[in-house]
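A short write-up of the structure that comes next.
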There are 4 protein chains.
Amino acid sequence: MARNPKLKSASHALVGKIKSTVDDPRLVERRRAQITEAAINVFSKIGYYSATIRDVANKANVSVGLIYQYVEDKEDLLFLALIEILDAYKRQIPVALEGIEDPLRRFCSAVSTYCSVHGRSVDATVLAYRETASLSKPRRNVIKQMEIETNEMLAACVRDCITAGSFDEDTDIEFLCYQAIMFSHAWALKSWNFGSRMTVDEYVDRGLALMLHGVLTSKGSRQIRQINESNASGKHHAARASAAA
Amino acid sequence: MARNPKLKSASHALVGKIKSTVDDPRLVERRRAQITEAAINVFSKIGYYSATIRDVANKANVSVGLIYQYVEDKEDLLFLALIEILDAYKRQIPVALEGIEDPLRRFCSAVSTYCSVHGRSVDATVLAYRETASLSKPRRNVIKQMEIETNEMLAACVRDCITAGSFDEDTDIEFLCYQAIMFSHAWALKSWNFGSRMTVDEYVDRGLALMLHGVLTSKGSRQIRQINESNASGKHHAARASAAA
Amino acid sequence: MARNPKLKSASHALVGKIKSTVDDPRLVERRRAQITEAAINVFSKIGYYSATIRDVANKANVSVGLIYQYVEDKEDLLFLALIEILDAYKRQIPVALEGIEDPLRRFCSAVSTYCSVHGRSVDATVLAYRETASLSKPRRNVIKQMEIETNEMLAACVRDCITAGSFDEDTDIEFLCYQAIMFSHAWALKSWNFGSRMTVDEYVDRGLALMLHGVLTSKGSRQIRQINESNASGKHHAARASAAA
Amino acid sequence: MARNPKLKSASHALVGKIKSTVDDPRLVERRRAQITEAAINVFSKIGYYSATIRDVANKANVSVGLIYQYVEDKEDLLFLALIEILDAYKRQIPVALEGIEDPLRRFCSAVSTYCSVHGRSVDATVLAYRETASLSKPRRNVIKQMEIETNEMLAACVRDCITAGSFDEDTDIEFLCYQAIMFSHAWALKSWNFGSRMTVDEYVDRGLALMLHGVLTSKGSRQIRQINESNASGKHHAARASAAA
DNA sequence: TATGAATGAGGTTTCATTCAT
DNA sequence: AATGAATGAAACCTCATTCAT
């Protein structure tokens, strides 16, 4: 039941469209990663428009000119940053689901990972939210498409839950997924409001409880109770896991 | 049971801190409204940073210089815009609740209004999301405070529902409110994804159904069924109402 | 036999295409003249590419920003400069011919003026020669067209000479005009080589002598001798005239 | 009566002043020729300032770094290009005069060659005109000196014509030479205007006719008629010759 | 000797802000 | 009070030049 994690190529193709004066593809990849990392950092902190190319260059410990050998535009920098952020989801969720067989647990894990990936770098997610609009239309569409693809990973979990009889047969899959995703985004967007009151894990637990009431079958409800119990006893492990992420 | 709508003064006090070279307070208010209107319009469309003062001046049919007689900064413009947007919520929700006695209906109406106010000008809400971070820290806090105050109107509805026995006694009020608000924001933020698939009303209905399952008492469940039935028969009215908004 | 000097409008129309953020047409005209003057000066001395906008701004005693309110591009500056240079010819030649009736004298005066206008600002002419190629193709064509129009003023003189029987009937008008114009450009282009050896007047006299041998009729030859004699006695006047130009 | 063609050394000495990090003189010469060729090509097409070192490197199929091992400056590249262009004249004219004994024919051939060399690469000549001013003063003087030396080859022809009694004894040699040279440059500079109306040969014929009227003795006039007649019958040969050039 | 990635000074351009009218 | 021309700091981006390999 393990899914194919070979999703890397999609964004690779997009990034490949950005022109570079440097030939060696290894170097291009390494430098771009270095620059993108810095860009995410800087943009997250002070915003895309406030950040200067020099800010990014300094953060990346390279010269301004170097950046322009791997990127055509300042907008390219934003594009690379957003792609990397969205890509992180696509890479992390399959990892989190690895080894988990039970569909309901898979769903819960996926939601939890969504929140945690956000939590790892709240600023980056907020960046994705704030600045997608600053892109050109075609690129904005690329980002939207990536979001949709990521969301599909969650939808697959939901479908499995229905097949397994844990969720109602007439569950509106898309709608449920969307609420789950918004729920996790909310953590990132408004962590200034919630962060002080609860941990991510508590946040996820409560959110799942709220959302699932509407879709759980009686069998599903029983399972959830078991899951919560085992989670409670395995808290140490969970804590460690989320810290490592 | 009508709440005090005299909240206007709060933002007024804040706006009052913005210096103007013009003395006549009537004129200041009128001009600021004119300029703010234009600012919301322009910022919503092309973003705060991309918009120039001249853009705003043109939209407002005034000169660039005039703006600087009612505002100190470009940031002031953003601040005024965001305050006006948030203020609209505070003004509209009490109006929507007027005359409704039943707490559960009040709650549903409030959520619906949240979404609809957004819907009236999706761009403006997105603006609030995107650009709050562009403010100076103290002003960002002011905006956050305003959000919290607005949310309190929803919290009051929830408390009434608990008192009336429609919601569980151990409902996490803040958490529920927050999810409801995120739910309505989601409509604005992602209407590009959902707008084509359903109307605001459908969106609200489904969302409430999902969220409330977790908190409704058996009494509450019965009420909801009644509400939905009466809504169904009163669709014309609802349609007209949302069209007028 | 006086020609219509109302040629100003042609270049005016072209200049009008350049966008300005300033509304008052009087001011635009005055500022553009001021800036163009400075641009000609600076570009002539150090070349279009070596000159910076700041150089031009300093020379014109205005700020850098001001220039960009009257001009879109650095290229606009070059365009304005070249148009002004070519326009000077169109303005000066009719003035020089004013009051002269005899066609042969008119022709000689025209050639002399060509050289003198150059002489007034050799650098400007060299600029026109060097930098026309730096313009975009459509603008390069505009400049070419202006040159052709200017040349036409000389061609008219030649035609009159033929009609009056001073030049051979089978004179190749275009070719003769072109050589005359090249001859005057040569003075500008290579004045570093000739300037030390003779005055403009001497240069023109010799050049005309050389060129006209091929086209003068016997009547024309007689006239030329008279002209040269009267010129010799009227040297003072001529000197003053060329100084005033 | 053949002149010494050993003029190569002059420019060689100049080029020798340009420092190179490479020792082997053979290699230096070969590489410089390769680079200069590319530079002429690129500069001619898009101008000295618009062209980048990388453009030249690409055209020459070498790396950017390699260029800087044979040249100190971008200006060196221009200098090399201009020297090569002027040198081509010095090399070609003696070749064209080879075997021609009659002084008047030699003069006509020389003028024709001037135009034709230009014609071979109009762009290169225009380059020489436009960009000489972009050089440092000492180097500009070097180029001027080279022009003067080249012109001297024409002057020698004129002197021979005078000695042979074909030209008036009081011919102003320098002035005539200069006009002849300007005449040939004109072809290059304004070929956009003339190129469509006549061939180089026609252009030269007409120009010589015009210029020589003023200096030909009666003997010279007779010779010219003969030359023109023989030219007319030898058109095939001439056509082939100009094609080969 | 040849390469091409890296540097950073400097140019063009924008636009928030001022101020004379 | 209202206008809009003028200012100039600061941003993006280019490209000649260097230098490690």
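Here is the naming used below: chain letters follow the sequence lines, and residue numbers restart at 1 for every chain.
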inquiry  = Measuring from atom NZ of B:K19 to atom CG of B:D73, what distance do you get when rounded to the nearest 0.5 angstrom?
reply    =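 The NZ atom of B:K19 sits 11.5 Å away from the CG atom of B:D73.
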request  = Measure from the side chain of A:Y68, starting at C-beta and using heavy atoms only, and say which of E:dT12, F:dT14, E:dA16 lies closest.
outcome  =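 Nearest nucleotide to the side chain: F:dT14.
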ask   = Choosing from F:dC12, E:dA2, F:dA1, which nucleotide comes nearest the side chain of D:Q69?
value = E:dA2
Whole-Å distance between [N] [atom2] and [X] [atom1]?
X	N	atom1	atom2	value
A:Q34	E:dA5	CD	C1'	13 Å
D:I35	E:dT1	CD1	P	13 Å
D:R54	E:dG4	CZ	C1'	8 Å
A:D23	E:dG4	CG	P	7 Å
D:I67	F:dT17	CD1	P	11 Å
A:Y70	E:dT7	OH	C1'	12 Å
C:I53	F:dA11	CD1	P	20 Å
D:N61	E:dA2	CG	P	14 Å

Which residue lies more 5' along DNA chain E, comparing A:R30 with C:D73 via nearest heavy atoms =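 The residue closer to the strand's 5' end, by nearest nucleotide, is A:R30.
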ask   = 5'-most contact on DNA chain E: C:K74 or D:V62, nearest heavy atom basis?
value =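 It is D:V62, whose closest nucleotide lies nearer the 5' terminus.
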Just to be sure I understand the rule, does [X] reach a base, reach only the sugar-phosphate, or reach nothing, if contact means heavy atoms closer than 4.0 Å?
X	result
A:A57	nothing
A:Y49	nothing
D:V64	base

task = Please determine, for F:dT18, whether a Watson-Crick or G-U wobble partner exists with both distances under 3.5 Å, and give it or none.
result =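 In the structure as shown, F:dT18 has E:dA5 as its Watson-Crick or wobble partner.
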query = Relative to each other, are the rings of B:F43 and B:Y48 parallel, tilted or perpendicular (30° and 60° limits)?
reply = perpendicular
query = Side-chain N or O of B:R31 less than 4.0 angstrom from OP1 or OP2 on F:dA1?
reply = no
Closest non-hydrogen atom pair, D:R140 against D:L135 =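 D:R140 and D:L135 have their closest heavy atoms at NH1-O, 2.9 Å.
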ask   = Salt-bridged, A:R139 to A:D76, with N to O below 4.0 Å?
value = yes
request  = Between B:S63 and C:G65, name the one whose nearest nucleotide on DNA chain F is closer to the 5' end.
outcome  = B:S63
request  = Map C:D24 and A:L66 onto DNA chain F by nearest heavy atom, then report which one ends up closer to the 5' terminus.
outcome  =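 The residue whose closest nucleotide sits nearer the 5' end is C:D24.
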inquiry  = For A:Y70, is there any backbone N or O sitting under 3.5 Å from a side-chain donor or acceptor partner on A:R32?
reply    =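 Answer holds: yes.
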